[in-house]
Amino acid sequence: MFRKRNPHAGACPGTLVFENRPCEAEIRIVRYSPGGLTELRDATVEDIRIPANRGEQVWIDISGTEDPEVIRVLAERFRLSPLTVEAIVNVPQRPTAEVLEGSNFLILHALELLSDGKLRSDQLSLLLGPNYVVTLHSKDAQYLEAVRNRLRRQDSRLRQNGSDYLAYAVADLVVDGYYPVLEWFGEELERLEDEALENPQPELLRAIHALRTELIRARRSSWPMREALESMSSDEASLISKKTAVFMRDTVSHCAQIVDVIEMYRESAGALVSTYMSSLSHRSNEIMKVLTMMSSVFVPLTFIAGIYGMNFKNMPELQYDWSYPIALGVMISTAALMLLYFRRLGWFGPSTLATKKTPGGAVEPEQHHTVVLEDTHQIRNAA
């Protein structure tokens with residue numbers, strides 16, 4: 001999900017690690033107020049500055065943190081410390097919230113489900129000022145387009161509120177992006193559970209471990225993100241107003257629900273390994289039971305055939321005309337009696353141990369109940 005970029009051991013604090021081939025960042029700037037909106041899609045480095053007009057809100061979105069010039073200008077004009085810049089460039093960092101001089105800094109982890117069924121995670125760094133929001137991410141964040149569409153509407157609540165509400169909208173969008181991923185996790189767990197019960201194969205165990213790894217990574221992102229959002233909404237020094245803090249606490253609640261569901265799914269994935277091993281053991285027992293029945297049936301038949309296959313001269317039964325059909329009849333009767341006995345034991349066919357009586361006296365098969373994973377739609381709607 002992440003490709004860790006760290007400076008070498010012993011490097012000075014604030015050392016930045018860029019790609020071998022730095023990429024040019026894409027800058028989009030949106031200036032808005034209750035009366036209008038201006039959007040600059042192809043902004044340049046010169047456009048990155050703290051807005052002077054207090055009545056206007058500005059959103060600066062930077063896609064690509066591998067451009068040293070953009071990072072230098074951003075740190076210089078927004079007075080960012082070397083440690084803050086290091087947290088932006090050297091990804092991934094743990095989600096956190098920090099109150100800076102005149103601004104708030106927030107790190108979030110966005111999780112996306114790609115069309116090929118793979119998960120992609122991206123660090124979103126957010127800088128909140130009195131009348132500006134700066135977002136930085138290393139990849140093209142298509143999910144932010146939803147916030148831009150809301151800003152384009154004249155009656156949007158984003159246009160009527162300050163920059164803190166825009167920061168809340170971005171954070172809420174990141175958190176909401178986890179719900180489709182949770183749905184995918186739930187569907188995968190149900191599919192793997194069915195395969196574990198019906199057809200346990202070695203490939204299934206690898207799939208279970210791969211899903212557990214993804215769940216652990218999702219937990220590493222969501223758990224500290226909840227703490228960061230809660231700290232941002234409750235810190236008195238934060239630029240989040242009391243009006244916006246109410247909405248932010250709702251996002252914190254959603255994030256807590258996501259953490260709980262991920263924990264439940266992680267435990268379910270761990271239980272799937274036990275289910276797989278139990279199913280595999282049961283399948284082996286069934287095979288051994290069939291082999292045991294075959295051996296048990298053929299042992300007395302082999303004994304009878306062995307006695308009358310010794311060909312001693314003084315064996316009177318060998319001289320009878322009906323000796324051969326009688327021997328075959330004894331063998332068939334012995335095999336039939338043993339199979340009937342195994343059936344009564346429940347080794348194959350209907351078993352008396354796997355049935356139960358209803359209050360009316362009828363016998364019905366005993367049903368095995370499995371745990372149904374909670375639908376994340378219901379979790380989201382209950383929030």
Side-chain angles (χ1 to χ4, degrees), residues 1-4 91-97 107-124 143 171-231 250-282 368-383:
M1 295 174 68
F2 276 125
R3 185 162 54 85
K4 187 72 174 177
V91 298
Q93 300 290 330
R94 188 177 188 270
T96 184
I107 293 179
L108 303 173
H109 285 178
L111 203 60
E112 289 183 279
L113 181 62
L114 304 180
S115 57
D116 56 357
K118 295 182 180 180
L119 296 179
R120 185 181 74 171
S121 184
D122 187 24
Q123 174 174 310
L124 178 68
Y143 53 89
D172 187 66
L173 182 65
V174 171
V175 172
D176 287 347
Y178 278 71
Y179 283 99
V181 177
L182 291 183
E183 276 190 53
W184 178 79
F185 277 137
E187 293 172 358
E188 284 295 299
L189 284 171
E190 291 181 359
R191 182 183 65 83
L192 293 177
E193 182 183 14
D194 293 338
E195 291 186 11
L197 294 174
E198 297 174 1
N199 186 27
Q201 298 293 333
E203 294 80 8
L204 178 62
L205 189 60
R206 288 192 289 270
I208 294 174
H209 281 293
L211 187 63
R212 286 190 65 190
T213 302
E214 298 292 347
L215 284 167
I216 291 174
R217 290 175 177 175
R219 182 185 181 276
R220 288 176 181 173
S221 297
S222 59
W223 185 279
M225 192 164 63
R226 179 187 64 175
E227 299 175 353
L229 293 173
E230 186 175 8
S231 173
D250 181 67
T251 301
V252 173
S253 177
H254 293 168
C255 196
Q257 289 180 340
I258 290 171
V259 172
D260 293 340
V261 175
I262 290 177
E263 285 292 330
M264 181 185 68
Y265 283 169
R266 194 164 64 94
E267 294 176 1
S268 299
L272 273 182
V273 178
S274 301
T275 302
Y276 168 81
M277 299 304 296
S278 299
S279 182
L280 195 63
S281 177
H282 176 71
H368 299 276
H369 299 277
T370 57
V371 177
V372 179
L373 298 176
E374 188 174 0
D375 189 2
T376 52
H377 281 305
Q378 298 177 357
I379 298 175
R380 184 67 177 90
N381 294 334

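Both backbone and side-chain heavy atoms feed into the values below; hydrogens, waters and symmetry mates do not. Predicted model, so just to flag it, every value in this text is computed and none were measured.
The two residues Glu193 and Leu272 come nearest to each other via the heavy atoms CA-CD2, 3.5 Å. Nearest heavy-atom pair, Ser279 versus Ala196, reported as atom, atom and distance to 0.1 Å: OG-O, 2.7 Å. Of all the heavy atoms in Tyr265 and Leu182, the pair that sits closest is CE1-O, 3.3 Å. Closest heavy-atom contact between His109 and Ser221: ND1-OG, 3.1 Å. Heavy-atom minimum distance, Arg212 versus Ala269: CG-CB, 3.3 Å. Among all heavy-atom pairs drawn from Cys255 and Val175, the shortest one is N-CG1, 3.9 Å.
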Original post:
Could you go step by step and tell me if Ile258 and Val181 meet the side-chain contact (heavy atoms from CB on, under 4.5 Å) rule?
Top reply: CA-CA 10 Å; Ile258 290 171; Val181 177; over 6 Å; no

**OP:** Applying side-chain contact (heavy atoms from CB on, under 4.5 Å), run through Leu119 and Phe185 and close with a yes or a no.
**Re:** CA-CA 11 Å; Leu119 296 179; Phe185 277 137; 3.6 Å; yes

**OP:** Please test Tyr179 against Gln257 for side-chain contact (heavy atoms from CB on, under 4.5 Å), starting from the C-alpha separation and ending with a verdict.
**Re:** CA-CA 10 Å; Tyr179 283 99; Gln257 289 180 340; 3.4 Å; yes

**OP:** Check step by step if side-chain contact (heavy atoms from CB on, under 4.5 Å) holds for Val273 and Leu205.
**Re:** CA-CA 7 Å; Val273 178; Leu205 189 60; 4.2 Å; yes

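Here the straight-line distance linking atom CD of Glu267 with atom CG of Leu189 works out to 12.0 Å at 0.5 Å rounding. To the nearest 0.5 Å, the span separating OG on Ser268 from CD1 on Ile208 amounts to 11.5 Å. Here the straight-line distance linking atom OG1 of Thr251 with atom CG of Leu229 works out to 7.0 Å at 0.5 Å rounding.
Under a cutoff of 6.0 Å and an axis angle of 45°, Arg226 and Trp223 form a cation-pi pair.
Listed for the Glu112 side chain is no donor-acceptor partner under 3.5 Å among the backbone atoms of Ser121. Checking side-chain atoms of Ser222 against main-chain N and O of Ala218 turns up a donor-acceptor pair under 3.5 Å. Panel note: side chain Ser278, backbone Ser274; a donor-acceptor pair is recorded below 3.5 Å. Between the side chain of Ser231 and the backbone N or O of Glu227 there is no donor-acceptor pair closer than 3.5 Å.
With sequence neighbours excluded, the residues that form a side chain to side chain donor-acceptor pair (under 3.5 Å) with Gln201 are Asn199. Every side chain to side chain donor-acceptor pair (under 3.5 Å) that Arg191 has, sequence neighbours left out, goes to Glu188, Glu195.
The shortest distance between side-chain heavy atoms of Arg120 and Leu113 does not fall below 4.5 Å. Side-chain contact between Asp176 and His254 is present, with heavy atoms from C-beta onward closer than 4.5 Å. Side-chain contact between Leu124 and Tyr143 is present, with heavy atoms from C-beta onward closer than 4.5 Å.
Within the structure, the salt bridge (Lys or Arg N to Asp or Glu O under 4.0 Å) test picks out the following pairs touching residues 252-265 (sequence neighbours left out): Arg219-Glu263, Glu263-Arg266.
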